[in-house]
Q: 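First the structure, which I've put down as structure tokens, then a few questions once you've had a look.
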2 protein chains.
Amino acid sequence: MTLTPLQQEFVLHFGEMGSRWGINRTVGQIYALLFLSREPLNAETITDALGISRSNTSMGLKELQSWNLVRLKHFPGDRRDYFTTPDDLWEIVRTLVAERKKREIDPTLTKLRELEMQGPAGDDYAEARISELRELIEMMTGFYAEMEKLETERLVKLMTLGSRIAGLIDRTGGMIPSLTKRK
Amino acid sequence: MTLTPLQQEFVLHFGEMGSRWGINRTVGQIYALLFLSREPLNAETITDALGISRSNTSMGLKELQSWNLVRLKHFPGDRRDYFTTPDDLWEIVRTLVAERKKREIDPTLTKLRELEMQGPAGDDYAEARISELRELIEMMTGFYAEMEKLETERLVKLMTLGSRIAGLIDRTGGMIPSLTKRK
DNA sequence: CAGAGATTTCAGAAATTTCTGAAATTTAGG
DNA sequence: CCTAAATTTCAGAAATTTCTGAAATCTCTG
């Protein structure tokens, strides 16, 4: 399988960006390739399209599976695994956000609660700072949980609503939460 | 400067998490330390609180400054630089989001537009996929731009509103955007 | 249940990133 | 200007991550 110049450039870009996101170049490239392919691809095809080793492909696919970012397909009379990305981009975004939350936010939230549990450590400022941070993260993850429940159509509406949001908030009248001390 | 056990644990956690976020351990630790300190700290103090080399501290602080995540303070009769984090956690979050967008999203958006400009490449599926992705990212960054305009108080209201959002959307009646093909 | 095809594992090689110490540069007073 | 304090730069060392090839494992099918 030879890549078109378009595919080539897209794949290389995602490879480079990969490192800014917490994934490595190969994983980024594999995902980009799958993303642009109408038909599912097997490991062998990916391997020579990207010019990497077979084992590297295997590890990359495993990584993508652990992120729930690829789907597995099979064809009759062929026992190799074929991989695709979901058709629905929103599904991809949802998965990405959920996984990043799980890896980047949740462990910290747990740790903060743990630290608060350990009781007064005689450092008032640090303690206040930590619980303020915990509260903020809880508020944000709570909001995220609500967003997660919305089906795509409503979410799209919400996003395109844009400028009307400020008005909406006022019209709804919001409880004034304790968090808003500063600014 | 010796760290309390609370500070110690917090700092180490942020060091470890650092790698999941796109920053390195030292940078994470420095930020964590500053975050918990009421008073601004100078490079020397940071260096020995964390047990790292002076030059490493210098690089870490430079990195944090490039992220706009620290503020510089000076004291009369002392020409060393002292560093703090903003008091307002929301400001920190805003900065963080803005910088990550700049580094992780914007370059990709630019690249996608570039690829579309290059005109038909005879790969309909890939082309469609790319512009669908570009549209989605534009919608999300557009929404983000609106959110960015909201002052903290309204943002907090919006977040605590939570479950009422679905209703709000309906009451506002939203244009049905083309993007909602699937799901 | 033998064997061929497919995938995974894994130890070490290669590449990249992070960190250090020494030297260079900057800056404010004297 | 000169000096000394503070900071930055930078080449190489150390650590970490990524990638490979070979061997091991798994899994269908005849």
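Labels below follow one simple rule: chain letters A, B, ... track the order of the sequence lines, proteins then strands, and each chain is numbered from 1. Remember, predicted model here, so these are calculated numbers, not experimental data.
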Q: Do side-chain atoms of A:E127 reach the backbone of A:G122 as a donor and acceptor pair under 3.5 angstrom?
A: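 Judged by distance alone, yes, a pair lies under 3.5 Å.
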
Q: Hey, are A:R71 and A:E91 close enough for a salt bridge, meaning a charged N less than 4.0 Å from a carboxylate O?
A: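 Looking at A:R71 and A:E91, the cut-off is met.
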
Q: Starting at atom OH of A:Y82, determine the distance to atom C1' of C:dT7, rounded to an integer number of angstrom.
A: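 Result: 14 Å.
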
Q: Round to a whole Å and report the spacing from CD1 of A:I52 to P of C:dT7.
A: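 One finds 14 Å between P of C:dT7 and CD1 of A:I52, rounded.
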
Q: Would you say B:T26 reaches C:dC19's phosphate, i.e. side-chain N/O to OP1/OP2 under 4.0 Å?
A: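 For B:T26, the contact criterion (side-chain N or O under 4.0 Å from OP1 or OP2 of C:dC19) is met.
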
Q: Tell me: CZ of B:R20 to P of D:dT16, nearest whole Å?
A: 16 Å

Q: Between A:T85 and B:R129, is any side-chain donor less than 3.5 angstrom from a side-chain acceptor?
A: yes

Q: Should the ring pair A:F35 and A:F10 be called parallel, tilted or perpendicular, given that the plane angle runs from 0 to 90° and is split at 30 and 60?
A: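 Because their plane-to-plane angle is under 30°, the rings of A:F35 and A:F10 count as parallel.
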
Q: Side chain of A:M59 only, heavy atoms from C-beta on: which candidate in C:dT18, C:dT7, C:dT9 is closest?
A: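 Of the options given, the side chain of A:M59 lies nearest C:dT9.
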
Q: Nearest-nucleotide wise, let me know which of B:E44 and A:R79 is further upstream toward the 5' end of DNA chain D.
A: B:E44

Q: Could you state the atom-to-atom distance from CH2 of B:W21 to P of C:dT17 in whole Å?
A: 20 Å

Q: Would you please confirm or rule out a distance under 4.0 Å between OP1 or OP2 of D:dT9 and any side-chain N or O of B:K62?
A: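 So the side chain of B:K62 is within the cut-off, an N or O lying under 4.0 Å from OP1 or OP2 of D:dT9.
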
Q: Using a 4.0 Å heavy-atom cut-off across all strands, classify A:N42 as base, sugar-phosphate, or nothing.
A: nothing

Q: Which nucleotide in the set C:dC19, D:dT18, D:dT7 lies at the smallest distance from any side-chain heavy atom of B:R80?
A: D:dT7

Q: Donor-acceptor pair, distance only, cut-off 3.5 Å: does the side chain of A:R20 make one with the backbone of B:R103?
A: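 Pair found, side chain donor or acceptor close to backbone of B:R103.
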
Q: Once you round it to whole Å, what is the distance between P of D:dC26 and CG of A:D81?
A: 16 Å

Q: Counting only side-chain N and O atoms of B:S58, is one of them less than 4.0 Å from OP1 or OP2 of D:dT7?
A: no

Q: In whole angstrom, give the distance that lies between atom CG of B:L41 and atom C1' of D:dA6.
A: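 Nearest whole value for this atom pair: 17 Å.
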
Q: For B:D78 and D:dT7, give me the distance from atom CG to atom C1', rounded to whole Å.
A: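 Atom-to-atom, B:D78 to D:dT7, this comes out as 13 Å.
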
Q: Within the 4.0 Å heavy-atom criterion, would you say A:N56 contacts the bases, only the backbone, or no part of the nucleic acid?
A: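 Contact class for A:N56: base.
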
Q: Between A:R54 and D:dG21, is there a side-chain N or O to OP1/OP2 distance below 4.0 Å?
A: no

Q: Output the rounded distance in Å from CG (A:L61) to C1' (C:dT7).
A: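 Atom-to-atom, A:L61 to C:dT7, this comes out as 10 Å.
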
Q: Want to settle it: does A:G22 or B:Q65 sit nearer the 5' end of DNA chain D, counting the closest nucleotide to each?
A: B:Q65

Q: Does A:S55 make a side-chain N or O approach to OP1 or OP2 of D:dC19 shorter than 4.0 Å?
A: no

Q: With sugar-phosphate meaning primed atoms plus P, OP1 and OP2, does A:S19 contact a base, only sugar-phosphate, or nothing at under 4.0 Å between heavy atoms?
A: nothing

